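Here the structure is laid out as structure tokens; the discussion comes afterwards.
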Amino acid sequence: MAFDPTVRIQQDDFDIKSEIEALTAGQGNTGAVVTFSGLCRDEDGTLSALELEHYPGMAESEIRRIAVEAADRWPLGGVTVIHRVGKIRPGENIVLVAATSKHRQAAFDGAHFIMDFLKSDAPFWKREIARDGRSGSWVDAKDRDNDALKRWR
Amino acid sequence: MAFDPTVRIQQDDFDIKSEIEALTAGQGNTGAVVTFSGLCRDEDGTLSALELEHYPGMAESEIRRIAVEAADRWPLGGVTVIHRVGKIRPGENIVLVAATSKHRQAAFDGAHFIMDFLKSDAPFWKREIARDGRSGSWVDAKDRDNDALKRWR
Amino acid sequence: MVKMVYFAWVRERIGKSEEVIDLPPSVETVADLLSHLSRLGDNYALALDEPDVIRVAIDQEHRQHDASIGHAREIALFPPMTGG
Amino acid sequence: MVKMVYFAWVRERIGKSEEVIDLPPSVETVADLLSHLSRLGDNYALALDEPDVIRVAIDQEHRQHDASIGHAREIALFPPMTGG
């Protein structure tokens, strides 16, 4: 691997434009940038906010491990992953995965792979805070998130 | 299809952040945004610029046709495609494809599909202007761009 | 009478970006059109030297070489596309 | 002596986010640990009611239930992850 992935866990929002600029600055060989942004949905207007909890230390190291594995599988130029924690309102960003490469195929696959494994391996948990003021319920893990891993085997 | 894709061909650069905001504003059901940005590479420092030519009218309608086909195949919330023309320097943006959906798989597939077919079907041509001042040569189409279409059949 | 438009190196080799031409009745398909044009001069012959490479759009839609020209209003000739 | 850390509804049901506990020598695997904990009180029993669902990390690395605890310094218990 020719680079060190940028991994941040933070309460604040991120700026996708400046993250792309940081990834591509001075990288004359970069022809493709793929970004995935995960947003908080409003669940048909019923959701007031998500509360995001994580395992400090392990969350960063798992994301870094996944990014390094992606860089072993595809010729990536750089990777940035930012995951927000704390209270996140509908419409706000939750997570950013950005991957660069010389060509588009590697950038698409790398970003998609990182996102799929982040879902299943990175220790974050979401709680839904409903608009009717009831204390929230923890989001259940989805079968489709495990199914999504099959494409990479 | 529940939306009208945004398709623009322009000389000016685009701002990926404001394009994402335009796609997601008021769309409480959007949980995933995937963007592809294609950048002008410097070709190991030999390239001064790319000159992008297009077929006005047909370029827009082909991109729109591809976006509509993507929206028929996946449950997309919105699509934006911006392709620049004219002189583009190394490190600058050439093209943006952005797709939104409720879940990430559709957004990844939709953006990837649109980009693969844009490469093969949208009437744009690149000429390389070399740093040594020689008049440029037209870029040849790549076999791998045709190969890339196979995954969608 | 049909409007021809040319792009990229097809345009450069023919030496113009568009023109209106008269097609003889014997020109029925795209392939007929390409061989007709290539007899109009060295510039056309050079541009259409490898006809298999030439992409064709009729009224701004991609067409194969065996397609009928029909009542085309605008026919575009160009190399394989390299956008994106 | 091992530091236990709990997250999400495991943390809520046990009622604490971390603690240091003494493990009897009979606790050799993750599965042993889960059944040991579930006998420590109703809160643990509730949290670990469906042990198959519980994910485990030893020293911040994912481990299966048949993994040996060995010289673990920190063991984390949590539900399936729902980030991203």
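Only a predicted model underlies this, so the values are computations on that prediction, with no experimental measurement involved.
The line from CD of B:E92 to OG1 of A:T24 is 11.5 Å long, rounded to the nearest 0.5 Å. Between atom OG1 of residue A:T30 and atom CG of residue B:D42 there is a gap of 9.0 Å, rounded to the nearest 0.5 Å. Expressed to the nearest 0.5 Å, how far CG of B:N93 lies from CD1 of A:I20 amounts to 8.0 Å.
For B:D109, the part lying near chain A is the side chain, with the backbone staying farther off; criterion is any non-hydrogen pair under 4.5 Å. Heavy-atom distances place both the backbone and the side chain of B:D116 under 4.5 Å from chain A. Neither the backbone nor the side chain of B:A25 comes within less than 4.5 Å of any heavy atom in chain A. Only the side chain of B:A148 comes within less than 4.5 Å of a heavy atom in chain A; its backbone stays farther off.
Side chain of B:R104 to backbone of A:G38: no donor-acceptor contact under 3.5 angstrom is found.
Between B:I16 and the options A:E21, A:E19, A:K17, a side-chain contact (heavy atoms from CB on, under 4.5 Å) holds for only A:K17. Applying the ring-ring contact (aromatic ring centres under 6.0 Å, His included) test between B:F108 and each of A:F108, A:F36, A:F113 identifies A:F36 as the sole match.
Of the listed residues A:K102, A:H112, A:K119, A:M115, the one with more heavy-atom pairs under 4.5 angstrom with chain B than any other is A:H112.
Taking the side chain as every heavy atom from C-beta outward, B:H103 and A:R144 approach each other to under 4.5 Å.
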